[in-house]
Structure formats: C-alpha cells, structure tokens
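For reference, the structure discussed in these notes is given below.
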Amino acid sequence: MNEKDKIREELEGLSPLLSKIKEESGHPFRTPEGYFQGLPDDVLRRIRAEEGLVRRSGPAQLKERDGGIGAWLQWLLMPRQAAGLALALLLAVGGAYLFRTQGGAPGAPDALAGISEEEAKEYVSENIGEFGLELMLEASVVSAEDISEIEMLPEIGQEDLDIYLEDLIEDLSLEELEELL
Amino acid sequence: MTTDEQILALLEKPQTSERGFRLLMEKYQERLYWHIRRLVCEHEDANDVIQDCFVKVYRNIHNFERKSKLYTWLYRIATNEAITFLKKKQRRSTASIDEEEGGLANQLQADVYFDGDEMQSRLLQALDELPEKQRLVFNMRYFEELSYKDISEVLDTSVGALKASYHHAVKKIEVFLKAGL
C-alpha cells in the first residue's frame, strides 16, 4: 500500500464525512491565468532589484569608497534600512525629549534607571506621532538633506512602516533600548 | 524531470545559479503556493508570501545541509513565512475595527479566486478555528498527502505528536461541519 492509500484509509477510519468531502470536492481556489509561468520572473526581478540596491550602496562597498560615517549614513538611508533608522532616530529623540522634560541631562543609563523596558517601549509607541521630522531636525539628529531623502522613500507605505516599527519595538531588549538612547 | 541533486549542483555555480533557481521554482512553486494559499486563503496574500519565501530560499540555499529532503526544507521556509504573515495580519486586523467585521466567510465571498462550494467554505472556516499546529498538520496530511515522516521534518515534531494532532483536527472539523448540516 502506498502512502496516499494509507492516508485515505486513515481518514476513512477517522471520519467518513471528511473522506467523502475529499473524494467529491474539487480544488476551491484558483489563480490568475498564467500566474505560475510568470512567478519565476517576478521573483528573480525582485532579487535582482534588491541585490542591485545592496551592491550599489551596501556598507562594505561604501566603506571602501570613502570609509566614513557618511557612507554608513547613506546606506542607512536606503529604503530597506530607512525603517530601522527611523526607529533608532525616534528612540534617540524620545530619549532627548524625556531628559529635557525631566529638567536635566544625566547619562543615558542613569536617566533610564527608573524606566522599565515595557514603559520605554510603550512611551515611544504611544507618542510615535509626536516625533516628527521637524523635531528630529531640531534635535540635530538628521540634516535637512537627510530628511529630503527619507521623504523620498518610494517603496514603504505608512502602514508597512507602522507594522515594521511595531515589530522592531517588540523585539528590542532593554539593553538595546539603552544602547540606542 | 530534473533531480534535486542536479538543481543543487546548478545553484552552486554562479554562472548556472539562475538556471538552477528557475528549475527549482518550476519544480516546487505550485506545491508551495498551494500549501501557502491554504494557510492564508487569499491569492494576493499567497503571492506575497511565496515571493518572500523564494527570495529567502535564493539567499539561503547555501545553508541547505542536505540532511533532509530539499522539498521538506522548502516547506519549512514556506510554512514559517506563512505563519509570520498571518501573525502580522492578525495584529493589523486587531488594530483595525473595519477589518474585525470581516471574518473568513466574508473574505472568501469577496475573493474572486475562490470557486468553492458551501461545504468547502465551511471546511475552510472549520480549519480557521483550529490551533495553528493542528491546522498545519491537517493541511499537510489531508490536502497535500505528505507522510508523517516528512511532516515531522517540516515541523520538527515527533510522528506520535503529529498523529495526535491530525486525529484531533479531523474530529474537531467533523464536529464543526456536522453542526452546520
């Protein structure tokens, strides 16, 4: 008896109703016409586009070219890295904002001593709308030139960015938060 | 048909890697697509997930250690991508009141690529009620007719536990379907 016969016999024993449905029902789903013929090209196009992006602006190549912080900044401002950078910037500005409102500028570890990981994440998450680009500009975290590059990002929708940021915030440990701040 | 060994050999060399990848996609894209589609239901979602899946395969094929069959390794990636997608989608719909009013029945009705009858729609709703692991096991056994050994490699779960999961899933689905008759 082959595997398929075994599976059918097992199902017949467990549930004659489901076995009957399986025998009588066809495939409930379908795809657009020619979908599978075009899928390899779609995937390869996407891979080439992403590889081209990395090849043009990956940190290793950029570092070789001018070896400075500017190269890393350029790399970070590319679409795939921009969301991560945005979170780091938001956290940095959030930290600066916290220090200011508390009337002092202690070192980051001291300032965070009374803030739990959950509170920090919650704060940034709840106040994310407060950290506009203007505030980042004011805090000298980014330059006007950087902002124009961020605003030009074509491939990341607001919803995608929100989800990505939520995921990043959830994945951050307290140590990582402290490091960012 | 090209064997997995031939495909892997082509993938190893830069000058033949694209041809190897196309052959890999042609061989496995439909099986993986339908596996993903049964998990995420909508074509557009399945298309996003399968593209993510193959991009990941392309980037990580050198990590395939040949300890398992190639297709169980591919299934594992596809399953992980689909689960990650569903979790993100669930988080999004929890945050959106509009989407909460949807539900699978409405989603299937609105899907132009769903041709199922009433019973198939009910079966998918029953599946949607199952815990994640049971749903995965049921899909792989009932629809894709995989052996427990292969499912065990994909889900990294013992054969005994898989048999129990499948048994429970079949019984729960049967109860759900009979309640609607």
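Within every chain, numbering begins at 1; the chains are lettered A, B, ... in the order of the sequence lines, protein sequences first and strands thereafter.
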When you compare the side chains of A/Glu10 and B/Tyr148, does any donor N or O come within less than 3.5 Å of an acceptor on the partner? yes
Atom NZ of B/Lys69 with >12 non-hydrogen neighbours under 6.0 angstrom: yes
Looking only at non-hydrogen atoms, find the nearest pair between B/Tyr166 and A/Leu11 and report the distance. OH-CD1, 3.6 Å
Linked, directly or transitively: B/Tyr113 and B/Leu127 (ILVMFWY side chains, under 4.5 Å): no
For B/Lys171, does the NZ atom have more than 12 heavy-atom neighbours from other residues, nucleotides or ligands under 6.0 Å away? yes
Could you state the interatomic distance from CG (A/Asp42) to CZ (B/Phe54), rounded to the nearest 0.5 Å? 12.5 Å
With rounding to the nearest 0.5 Å, note down the distance linking CZ in B/Arg37 to NE2 in A/His27. 8.5 Å
Can you classify the ring geometry of B/Trp34 versus A/Phe29 as parallel (below 30°), tilted (30 to 60°) or perpendicular (above 60°)? parallel
Between B/Met25 and A/Pro40 the two heavy atoms that sit nearest each other are SD-CA, 3.6 Å
With a 4.5 angstrom heavy-atom cut-off, could you sort out which part of A/Arg46 is near chain B: side chain, backbone, both or neither? side chain
Look at the side-chain heavy atoms of Ile, Leu, Val, Met, Phe, Trp and Tyr, link any pair under 4.5 Å apart, and say whether B/Val137 and B/Val175 land in one connected group. no
Spacing of OH belonging to B/Tyr58 relative to CD belonging to A/Glu51, to within rounding of 0.5 Å: 4.5 Å
Is the count of non-hydrogen atoms from other residues, nucleotides or ligands lying under 6.0 Å from B/Lys163 atom NZ greater than 12? no
Counting heavy-atom pairs closer than 4.5 Å to chain A, which one of B/Leu124, B/Leu123, B/Leu146, B/Asp52 comes out on top? B/Asp52
Looking only at heavy atoms, the pair that brings B/Gln120 and A/Ser25 closest together is NE2-CB, 3.2 Å
Closest approach of B/Phe21 and A/Ile47, non-hydrogen atoms and distance? CE2-CD1, 4.0 Å
Under the 3.5 angstrom rule, does the side chain of B/Glu30 hit a backbone N or O of A/Phe36 as a donor-acceptor pair? no
Point-to-point distance, once rounded to the nearest 0.5 Å, from CG of B/Asp117 to CD of A/Glu24: 9.5 Å
Looking at every non-hydrogen atom in both residues, tell me the closest pair between A/Leu14 and B/Val170 and how far apart they are. CB-CG1, 3.9 Å
Under 6.0 Å from the CD atom of A/Glu9, do we count more than 12 heavy atoms belonging to anything else shown? no
Any A/Glu50 side-chain heavy atom under 4.5 Å of B/Arg59 side chain: yes
How close do A/Arg30 and B/Val112 get, heavy atom to heavy atom, and via which atoms? NH2-O, 2.6 Å
Are A/Lys6 and B/Glu145 close enough for a salt bridge, meaning some N to O gap below 4.0 Å? no
Here the gap from A/Leu18 atom CG to B/Glu174 atom CD, rounded to the nearest 0.5 Å, amounts to 6.0 Å
Greater than 12 external heavy atoms within 6.0 Å of B/Lys56's NZ: no
Please say whether more than 12 non-hydrogen atoms of neighbouring residues, nucleotides or ligands are located less than 6.0 Å from CD in B/Gln15. yes
Between A/Arg48 and B/Glu18, is there a side-chain N and carboxylate O pair less than 4.0 Å apart? yes
Do A/Ile7 and B/Tyr71 belong to the same hydrophobic cluster, where Ile, Leu, Val, Met, Phe, Trp and Tyr are linked whenever their side-chain heavy atoms lie under 4.5 Å apart, directly or via other members? no
Go through the atoms of A/Leu39 and report whether side chain, backbone, both or neither lie under 4.5 Å from a heavy atom of chain B. both
